[in-house]
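Encoded as structure tokens, the structure appears first; notes follow it.
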Amino acid sequence: MRLRILDKYVLKELLYPFLFGIGAFSSIIIASTMLYRITQYITKYGASLEAVGRLFVWQLPEIVNYTFPMSMLLAALMAFGKLSGSSEIVAMKAGGVSYYRIMAPVLVVGFFVSLFSMVWAEKVVPASKAKAAAILNYEIKNNTKPQGKDHIVIKSISGRTQSITYAKKFEEEKGLMTGITVEEFEDGAITRIQTAQKGIWNKGVWTVYDGNVFALNDKEGVTSHGTFKEQVIPLAYTPKQISWEQMEPEQMTIAELREYGKILDQQKKSNNRQWVEIWMRISIPLASFLFAMIGAALGTQKQRTSSSVGLGIAIIVIFIYYAIMTFTTGLGKGGILPPFIACFIPNFVCLVAGIHLMRQKNA
């Protein structure tokens, strides 16, 4: 019963700093990155307040996702700073409660915040980023609302043959492309060009209609020309996969990233960006648990520290973590480091630091 009361007391001390951290860090990110861009959209593109307002709302989930680890660090640091400053941790130890047991509620909360953050990053953030991109690209910059995707380009490789398919317009729901041009290359030299008015996805293939075929070589130029009413083109992408080709990795779910990564691998293309994004969906949320460990240990001091000192320490730790993450994930995307290692180096550093600090405070 006594330990349950202790747990509730520690959890209560965590709650308000955690909520404050989400609001404070979100405000800092918004003020430092978003406000200038929103002002630019209004002045440069003449965007309406309603459009930039919706853009702001759809960009919030990604910002909030980054604040979960920060807020967990601040909450643990301030809660344990208060407990140690009023000698309550000393009193708990004198009552036979180990330091690790005192930290247990913080670690449990950090673990569940990490789980929630993983779900948030997978289920909410990609969809919100896609919505924000659509508002920015079509309503603000072009002032038009898209009915499909315009000017798409799909690159594919099969043995010695490479092809580039261009479509003026693409509608995934209908499995329809219009204004199609297909350029085929062998060993880097263009060999054939096909044009067609439209293409339809049916029974696992793309069939194009009402087009022309031009055969070419480097010496003679166009060697032959023909027309067709209907024919199948060598494009192995489904409508969904074509949509993936046009999306940024941050706008895709883990399942989509894995499938698209396999396609890129089959075509001998780099899929490092996709795998870095996959592992970041795990490593960043996991930082909430690690920051809970570090924050509680750093907050355990012999003398009482002010809230401003706690906030300052939190900002320093956060800066170091994200600086390392930016550097290592850049190496991962460039293929210098394996994506898994690149994404988890910052977490490994935090884990080592957290265990070391906990042992020091338990001594």
**Q.** Inter-residue atom distance T300.OG1 - Q360.CD, 0.5 Å rounding
**A.** 11.5 Å
Q) What distance do Q59 atom CD and I38 atom CD1 have between them, rounded to the nearest 0.5 Å? A) 6.5 Å
(Q) Using 0.5 Å steps for rounding, measure from the CG atom of N272 to the CG atom of L337. (A) 10.0 Å
**Q.** Note, F291 side chain near I318 side chain (heavy atom, < 4.5 Å)
**A.** yes
Q. Hey, any chance V113 and L115 share a hydrophobic cluster, counting ILVMFWY side chains that come within less than 4.5 Å of each other, even indirectly?
A. yes
Q | S71 side chain to F68 backbone, donor-acceptor under 3.5 Å | A | no
Q) Are the side chains of Q231 and T207 in touch, meaning some heavy atoms are under 4.5 Å apart? A) no
Q.
Any non-hydrogen side-chain atom of M72 less than 4.5 Å from a side-chain atom of L14?
A. yes
Q) Between C350, S114, P69, which is the residue that forms a side-chain contact (heavy atoms from CB on, under 4.5 Å) with F289? A) S114
Q) So, for M293 and I355, which heavy atoms are closest and what is the spacing to 0.1 Å? A) SD-N, 3.7 Å
Q. When the ring planes of H225 and F214 are compared, do they come out parallel, tilted or perpendicular, using 30° and 60° as the limits?
A. parallel
Q. What are the two closest non-hydrogen atoms of A133 and Q251, and how far apart are they?
A. CB-NE2, 3.5 Å
Q: Give a yes-or-no answer on whether the side chains of Y237 and T165 include a donor-acceptor pair shorter than 3.5 Å.
A: no
Q) Under 4.0 Å between a Lys/Arg side-chain N and an Asp/Glu carboxylate O for E277 and R273? A) no
Q.
Is the distance between the ring centroids of F20 and Y16 under 6.0 Å?
A. no
**Q.** Approximate separation, where rounding is to 0.5 Å, of T326 OG1 and Y322 OH
**A.** 9.5 Å
Q. Do the side chains of Q274 and M252 get nearer than 4.5 Å, heavy atoms only?
A. no
Q. Taking side chain as C-beta onward, heavy atoms only, is I284 less than 4.5 Å from M325?
A. yes
Q: Examine distances only and state if a side-chain atom of W120 and a backbone atom of P61 form a donor-acceptor pair shorter than 3.5 Å.
A: yes
Q.
Keeping S26 on the side-chain end and G23 on the backbone end, is there a donor-acceptor pair under 3.5 Å?
A. no
Q) Are V213 and Y209 connected, step by step, through hydrophobic side chains (Ile, Leu, Val, Met, Phe, Trp, Tyr) whose heavy atoms are closer than 4.5 Å? A) no
Q. Got a donor-acceptor contact below 3.5 angstrom from the S283 side chain to the F344 backbone?
A. no
Q. Y36, I42: one ILVMFWY side-chain cluster at the under-4.5 Å cut-off?
A. no
Q | Greater than 12 external heavy atoms within 6.0 Å of W58's CH2 | A | no
Q | Minimal non-hydrogen separation, W201 against T238, with atom names | A | CZ2-CG2, 3.8 Å
Q.
I need the minimum non-hydrogen distance between L74 and P17, along with the two atoms involved.
A. CD2-O, 4.2 Å
Q) Hey, any chance F116 and F111 share a hydrophobic cluster, counting ILVMFWY side chains that come within less than 4.5 Å of each other, even indirectly? A) yes
Q. Looking at side-chain heavy atoms only, is the closest gap between E184 and Q194 below 4.5 Å?
A. yes
Q. How long is the gap from CG on N202 to CG on L176, to the nearest 0.5 Å?
A. 12.0 Å
Q | Distance-minimising heavy-atom pair for T329 and M280 | A | CG2-SD, 3.9 Å
Q. Which pair of heavy atoms, one from A287 and one from N347, lies closest together, and at what distance?
A. N-ND2, 3.9 Å
Q) With a 4.5 Å heavy-atom cut-off, do T328 and C343 have their side chains touching? A) no
Q.
Quick one: does any side-chain atom of E122 pair with a main-chain N or O of I254 as donor and acceptor, under 3.5 Å?
A. yes
Q.
Using the rule given for side chain to side chain contact (heavy atoms under 4.5 Å, CB included), can you reason through Y100 versus R359, listing the C-alpha separation, both sets of side-chain angles and the distance that settles it, and then say yes or no?
A. CA-CA 9 Å; Y100 294 129; R359 286 179 175 176; 3.9 Å; yes
Q | Heavy-atom side-chain contact between M103 and M358 under 4.5 Å | A | yes
Q.
Run the side chain to side chain contact (heavy atoms under 4.5 Å, CB included) test on F80 and V10 for me, step by step, so that the C-alpha distance in whole Å, both residues' side-chain angles and the decisive distance to 0.1 Å come before the verdict.
A. CA-CA 8 Å; F80 269 66; V10 174; 4.2 Å; yes
Q: Starting at NZ of K44, measure out to CD1 of I140 and round the result to the nearest 0.5 Å.
A: 12.5 Å
Q.
Starting from L60, can I reach L35 by hopping between I/L/V/M/F/W/Y residues whose side chains sit under 4.5 Å apart?
A. yes
Q) Does E13 pair with K82 as a salt bridge, N-O distance under 4.0 Å? A) yes
